[in-house]
Undergrad: 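Below you will find the structure I want to go over with you.
Both backbone and side-chain heavy atoms feed into the values below; hydrogens, waters and symmetry mates do not.
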Amino acid sequence: MSFPLLTATAVLPALGAVATAAVPAARRTAAKWLALLVSLATLALAVTVLVRFDPGGDRYQLTESHAWIAAFGVRYELGVDGIAVALLALTALLIPFVILAGWHDADPLETGNKRWRPTQGFFALILAVEAMVIISFEATDVFLFYIFFEAMLIPMYFLIGGFGDSAHEHGDEAAATQRSYAAVKFLLYNLVGGLIMLAAVIGLYVVAGNFSLAEIAQARANGTLHMATNTERWLFLGFFFAFAVKAPLWPLHTWLPNAMGEATAPVAVLITAVVDKVGTFAMLRFCLQLFPNASKWATPVILVLAVISIIYGALLAVGQRDIKRLVAYASISHFGFIVLGIFAMTSQGQSGATLYMVNHGISTAALMLVAGFLISRRGSRLIADYGGVQKVAPVLAGTFLIGGLATLSLPGLAPFVSEFLVLVGTFSRYPAIGIIATFGIVLAALYTLVLYQRTMTGPVKPEVASMPDLRARELVVVAPLIVLLVFLGVYPKPVTDIVNPSVKQTLSDVHKKDPKPSVEAAK
C-alpha cells in the first residue's frame, strides 16, 4: 500500500490537538510551541500533496478507499481535485500564522477576578478545526463529508464562546454574555443548516443506494441513475441551504458579524478564511456534481441572492463603527462574489471563484490580523478611538493599508485577478447581474479608504501616542501574507494552472459551455 498522504494531513493536526491539550497546565509555552510545530508539519504534508498532484491527470488523485459502515454503503473515501488541493494548501498555510498571531490570546487574564483560560485548550481547538476542515476538502464520500462538516462546529463554538477580546470594552460579565450569544448564534444557525442537509443526505442514499460522490456522478452521467425532477430539486435545496449558511450568503449571514466581532482576531480569521470556505467549496463539489439540473434551475435565484450579498454587505460595511464587524460585512460581500462566480456557469467565473477563495483567505487574514494587533494595543474595536496611528506606528499602518487595498481588489494585488475573472465570467452570460455586482467594487473602495483615513491619518490621539509598532513575531505573521498578496496579484498562474482543469470538469458535469462572444469583429 502507498503512504496514505491525505489521511496523514488530517490525522496529524488531530493528534497534535490531543497532544497539545494533554500538556500540563503549568507548561503553557510548551503547548504553544507544540501546536506551532504540528501546524508546520501539516503544512509540509500539504505542500507534498500540492507537489504530487498532477493538474493534467485524473480528476481525483491520491485517492484512498476503505470499507467503513458496509451495511449502509458508507466508505472512508478521500481524493483531491485541483480545487480541493488549492484550498487544502490555503488552510495549512494560514494555521501557523493564526497560531503565531494568537500566541498570547489565551494567556490568563489579569482582570479583577483573574479569570483563568485554558491556553492548551485554545491551541488544541485550532488544530482540531484544521483537521476537520482538511478532511472536509478531501472527503469524496458524502456521509464522511457530512460528519466533519458538522463536527467542526464544536471546536469553533468553544473558540468563539470561551475566548475573546471584548472584555477591553465592557465588564467581564458583559463581555462573556456577548461572546456566549455570538457562539450560540453561530452554532444554532449552522446546526439548522446541517440538520436540513442530513435529511437531504438520507434522501440521496434512498435514491442512489450509496454515498460515493464518484459513483453517483458517474451513474448520473451514464444514465443508470435517474432522479425525478422534484426529488433532485429538493435534495439540491437541502445541500445548498447548509452550504449557504456556512458560506455565508444573504439572508443566512447574520451569525458572522457577531461571531467575528466577539472572537479574537486569529479565531475571526479561522472563521472567515478557513471554515467558511468549506461552504463555497461544497457548492462546487456536491451541488453541481450531484444535482446538475437542479443547479441550473436554481441559478437565477442564487445569482440574485449573491448580488444582494455583494451590495448589502458592502453598504453595511460602510456604516460600521467597529473595525472587526466592518471586516465581517466586507467578507459577506466577498462571499457574494464567490457564489456569483460559481453559479455564473462559465469557466472564467468558476476559476475566478476558486481563486477568490484562496485570495480572500490571504487578504482577510492579513487585514484582520493587523487589525487584531492594533486593537490589542489600544484596547478598543471602535474606529472613533483611533487617529494618527501612521505617525507613531508606520509599519503597522503600512501593512494595514496593503491589507485594505487587497480587500478593495486593487490591481496588482491578488484579489483583483479573481474578482475580475468573476465579473467577466458573469457578464458574458448575465450582463445585467454583472453590471450590478460591479458597484460592490466602488463600495469596497469607500469602506476601506474611510477606515484607513479615520484610524491611521489625522492628528495623533493621546491614547495612541505611545503605541508601539509591529514586533518581530507580528512581522513574521504579516510579512509572508503581504508577499503572497503581491506575488499572486502579479503572477496567479501557479493557482490557475491547478484549478482550471477541475473547473472544466465541473462545467462538464452541468453540461454547460462558455457562451460565444456576441460582438462581431470589427471590419
Side-chain angles (χ1 to χ4, degrees), residues 185-186 189-190 192-194 196-197 200 232-259 271-272 275-288 290-318 328-346 348-350 352-354 356-357 360 418-419 421-444 506 510 512:
K185 189 173 184 179
F186 161 82
Y189 266 68
N190 284 274
V192 170
I196 293 174
M197 181 182 169
E232 181 178 350
R233 291 177 179 180
W234 280 113
L235 293 178
F236 168 85
L237 291 174
F239 277 77
F240 181 80
F241 183 86
F243 303 152
V245 172
K246 184 83 78 179
L249 184 69
W250 184 93
L252 306 171
H253 67 285
T254 60
W255 62 268
L256 183 65
N258 295 101
I271 294 169
T272 191
V275 171
D276 288 355
K277 298 300 187 299
V278 178
T280 47
F281 162 79
M283 291 178 189
L284 279 166
R285 170 166 281 192
F286 296 101
C287 286
L288 298 189
L290 293 175
F291 316 110
N293 296 326
S295 297
K296 290 184 285 187
W297 163 76
T299 289
V301 174
I302 294 173
L303 292 178
V304 171
L305 294 179
V307 169
I308 293 175
S309 290
I310 292 170
I311 304 301
Y312 175 84
L315 284 173
L316 277 140
V318 171
Y329 280 110
S331 291
I332 292 169
S333 181
H334 296 150
F335 274 105
F337 276 109
I338 294 171
V339 176
L340 185 68
I342 292 172
F343 284 89
M345 302 292 185
T346 59
Q348 300 99 325
Q350 291 188 354
T354 305
Y356 213 134
M357 292 186 225
H360 173 263
S418 44
E419 197 164 281
L421 285 173
V422 167
L423 290 173
V424 168
T426 303
F427 188 84
S428 65
R429 196 180 292 278
Y430 304 100
I433 294 289
I435 291 171
I436 297 172
T438 305
F439 285 99
I441 301 175
V442 179
L443 293 172
T506 303
V510 292
K512 282 284 190 178

Undergrad: What's the separation between atom CG in Leu421 and atom OG1 in Thr346, rounded to the nearest 0.5 Å?
TA: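 Answer for the CG-OG1 pair, Leu421 versus Thr346, is 9.0 Å.
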Undergrad: Between atom CE of Met357 and atom CG of Asp276, what is the distance when rounded to the nearest 0.5 Å?
TA: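 Between atom CE of Met357 and atom CG of Asp276 there are 12.0 Å.
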Undergrad: Which heavy atom of Leu249 sits nearest a heavy atom of Ser309, and at what distance?
TA: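 Answer, listing the atom of Leu249 first, then Ser309: CD1-OG, 3.3 Å.
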Undergrad: Report the distance from atom CD1 of Ile271 to atom CH2 of Trp255, rounding to the nearest 0.5 Å.
TA: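 Reported value, rounded in 0.5 Å steps: 6.0 Å.
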Undergrad: Name each donor-acceptor pair under 3.5 Å that joins a side chain in residues 298-307 to protein atoms two or more places apart or in another chain, with its distance.
TA:
unit_1, atom_1, unit_2, atom_2, d
Thr299, OG1, Ser295, O, 2.7

Undergrad: Can you sort out the partners of Tyr189 under side chain to side chain donor-acceptor pair (under 3.5 Å), two or more places apart, ordered by chain and number?
TA: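 Checked Tyr189 against side chain to side chain donor-acceptor pair (under 3.5 Å); matches are Thr254.
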Undergrad: Between Ala344 and Thr426, what is the shortest heavy-atom contact and its length?
TA: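 What the structure gives for the nearest pair is CB-OG1, 3.7 Å.
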Undergrad: Kindly write out the residues that satisfy side chain to side chain contact (heavy atoms under 4.5 Å, CB included) with Phe427, not counting sequence neighbours, or none if the list is empty.
TA: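 For Phe427 the side chain to side chain contact (heavy atoms under 4.5 Å, CB included) partners, ignoring immediate neighbours, are Pro431, Ile435.
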Undergrad: Grab the two heavy atoms, one from Ala328 and one from Pro257, that are nearest each other, plus how far apart they are.
TA: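 Taking Ala328 first and Pro257 second, the nearest heavy atoms are CB-CA, 3.8 Å.
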Undergrad: With a 4.5 Å heavy-atom cut-off, do Leu288 and Phe343 have their side chains touching?
TA: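 Yes; the side chains approach each other to less than 4.5 Å.
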Undergrad: In sequence, state the C-alpha distance, the side-chain angles, and the governing distance for Met197 and Phe241, and then conclude on side-chain contact (heavy atoms from CB on, under 4.5 Å).
TA: CA-CA 7 Å; Met197 181 182 169; Phe241 183 86; over 6 Å; no
Undergrad: Verify side-chain contact (heavy atoms from CB on, under 4.5 Å) between Leu423 and Ile441, making sure each step is shown before the conclusion.
TA: CA-CA 11 Å; Leu423 290 173; Ile441 301 175; 3.4 Å; yes
Undergrad: Looking at Gly238 and Ile196, what are the two nearest heavy atoms and their distance?
TA: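 Minimum heavy-atom contact is CA-CG2, 3.8 Å.
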Undergrad: What residues, two or more places apart in sequence or in another chain, satisfy ring-ring contact (aromatic ring centres under 6.0 Å, His included) together with Phe291?
TA: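 Result, ring-ring contact (aromatic ring centres under 6.0 Å, His included) vs Phe291: Phe239.
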Undergrad: Taking the side chain as everything from C-beta on, heavy atoms only, tell me whether Thr354 gets closer than 4.5 Å to Leu284.
TA: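 In short, these two side chains touch, coming nearer than 4.5 Å.
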Undergrad: Sequence neighbours left out, what pairs pass side chain to side chain donor-acceptor pair (under 3.5 Å) with at least one residue falling in residues 232-249?
TA: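 Residue pairs with at least one partner in residues 232-249: Arg220-Glu232.
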Undergrad: Calculate, to the nearest 0.5 Å, the distance between atoms CH2 and CD1 belonging to Trp250 and Ile311 respectively.
TA: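 It is 13.0 Å, given to the nearest 0.5 Å.
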Undergrad: For Tyr356, enumerate each residue passing the side chain to side chain donor-acceptor pair (under 3.5 Å) test, keeping only those at least two apart in sequence or located in another chain.
TA: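 Scan of Tyr356 (side chain to side chain donor-acceptor pair (under 3.5 Å), adjacent residues dropped) gives Glu419.
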Undergrad: Over 60° means perpendicular and under 30° means parallel, so tell me whether Phe243 and Phe286 are parallel, tilted or perpendicular.
TA: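 Answer is tilted, since the angle falls between 30° and 60°.
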Undergrad: If you look at every heavy atom in Ile342 and Thr280, which pair is closest and at what distance?
TA: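 The answer is CD1-O, 3.5 Å.
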Undergrad: If you look only at distance, which donor and acceptor atoms sit under 3.5 Å apart when one is on a side chain in residues 330-340 and the other is two or more places apart or in another chain?
TA:
unit_1, atom_1, unit_2, atom_2, d
Ser331, OG, Thr272, OG1, 3.3
Ser331, OG, Val327, O, 3.1
Ser331, OG, His360, NE2, 3.4
Ser333, OG, Ile310, O, 2.8
His334, ND1, Ala330, O, 3.2
His334, NE2, Thr407, O, 3.2

